[in-house]
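I have placed the structure first, in the form of structure tokens, so that the comments after it can refer back to it.
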Amino acid sequence: MTVSIRPLHPLFCGEVSGIDMTRDLTSEEVAAVEAGMDEYAVLVFHKQNITDQQQQSFTRNFGELELPGAVSNITKDHERRLDPLMADVSNLNRDHKPFDRNDRARMFNLGNRLWHSDSSFRAVPAKYSLLSGRIVPAAGGNTEFADMRAAYDALDDKTKAEIEDLVCEHSLLYSRGQLGFEGLSEEEQANFKPVRQRLVRTHPVTGRKSLYLSAHGGTIVGWQTPEARVFLKDLNEHATQREFVHRHQWRQYDLVVWDNRQVMHRVRAFNDTAEIRDMRRTTVAGEEMTVEQAA
Ligand code: OGA
Ligand code: MN
């Protein structure tokens, strides 16, 4: 089948037809998807009724899988609902029931409601995220994407010069700290040790620059924290204004792929203590650090 892509937004996001993820892809199909990702940064595939294995195989076309694990969540191995290669982004516990309102995992997962880039808290942050909607709620639970290339392009020259070489520190401690999430164990805090990321990234294929923002970003190296926080808050506000944002309204068996190097995303509210939203993510590991880490 031939792959074609229909734009969904004036700046980014495309809808792909001609791909069936239950089968192996040809190298031409993989190349077409990759080229689409470089251009659109977010691609939507409909009607992909896939198993976890098929999702993993499709993901491997684009690089190594990033393992979820203890550096990215507070869920312990014995509490996991899914196999270790799947990031469980659902609202479900091991018994496939929605988390209770006060469940600690639910509180932690509320962090996905903040604009972020996946795994920006890892020294080598993620390349693509692939999110499969296995069961979607009747209302709400949309995922929004913001184009960080367009956000960068729209900055004035003075700001571009000011931020060109800035380095931020990212950690789950910062994103969860914004929510007032407390009670992390010493082990969890050690897992969430901050890492350094450039604030301006250059895409390795297209050469386009983008703002590398994320709720996990909490300090700027060499700056006092309050000044860094308000500066980042202003940049985030600029970068997520309506013209840079596309909203994806989920249908069952949609699979959405986004390039974490070029966009931020967030999930919106739904009736999550009553309805089921079974979302499963695989992640393509990044290939390099954005900047050297502190000694
Ligand atoms: C993610 C995430 C958003 C959503 O999978 O990384 O932030 O819509 N999910 O569930
Ligand atoms: Mn995410």
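Every number for a ligand or one of its atoms is a count from 1 in the order of the listing.
Side-chain contact annotation: His246 with Asp147, donor-acceptor N/O pair under 3.5 Å absent.
Checked against a 3.5 angstrom limit, the closest N/O atoms of His116 and ligand 1 fall inside it. By the 3.5 Å distance cut-off applied to N or O atoms, Asp118 is counted among the residues near ligand 1.
Of all protein heavy atoms, the one closest to atom 8 (O) of ligand 1 is Thr143 OG1, 2.5 Å. Summary of contacts: the protein heavy atom closest to atom 9 (N) of ligand 1 is Val89 CG1, 3.4 Å. Nearest protein heavy-atom contact of atom 3 (C) of ligand 1 is Val267 CB, 3.7 Å.
Ion pairing between Lys76 and Glu188 holds under the 4.0 Å rule for side-chain N and carboxylate O. One finds a salt bridge joining Asp259 and Arg261 here, because a Lys/Arg side-chain nitrogen approaches an Asp/Glu carboxylate oxygen to under 4.0 Å.
Using a 4.5 Å cut-off between side-chain heavy atoms of Ile, Leu, Val, Met, Phe, Trp and Tyr, with links allowed through other members, Phe45 and Val284 fall into the same hydrophobic cluster.
A distance below 6.0 Å separates the ring centres of Phe244 and His238. In this structure, the ring of His170 has its center less than 6.0 angstrom from the ring center of Tyr212.
Nearest N, O or S atom of Asp118 to the Mn ion (ligand 2): atom OD1.
The shortest separation from a heavy atom of Phe270 to ligand 1 is not under 4.0 Å, leaving the residue out of contact.
Note: Trp258 and Phe145 have tilted aromatic rings, judged against thresholds of 30 and 60 degrees for the angle between ring planes.
For atom 7 (O) of ligand 1, the candidate residues are Arg280, Arg268, His265; the nearest heavy-atom contact is made by His265. Between Arg266, Arg277, Met279, Arg281, it is Arg277 that holds the heavy atom closest to atom 10 (O) of ligand 1.
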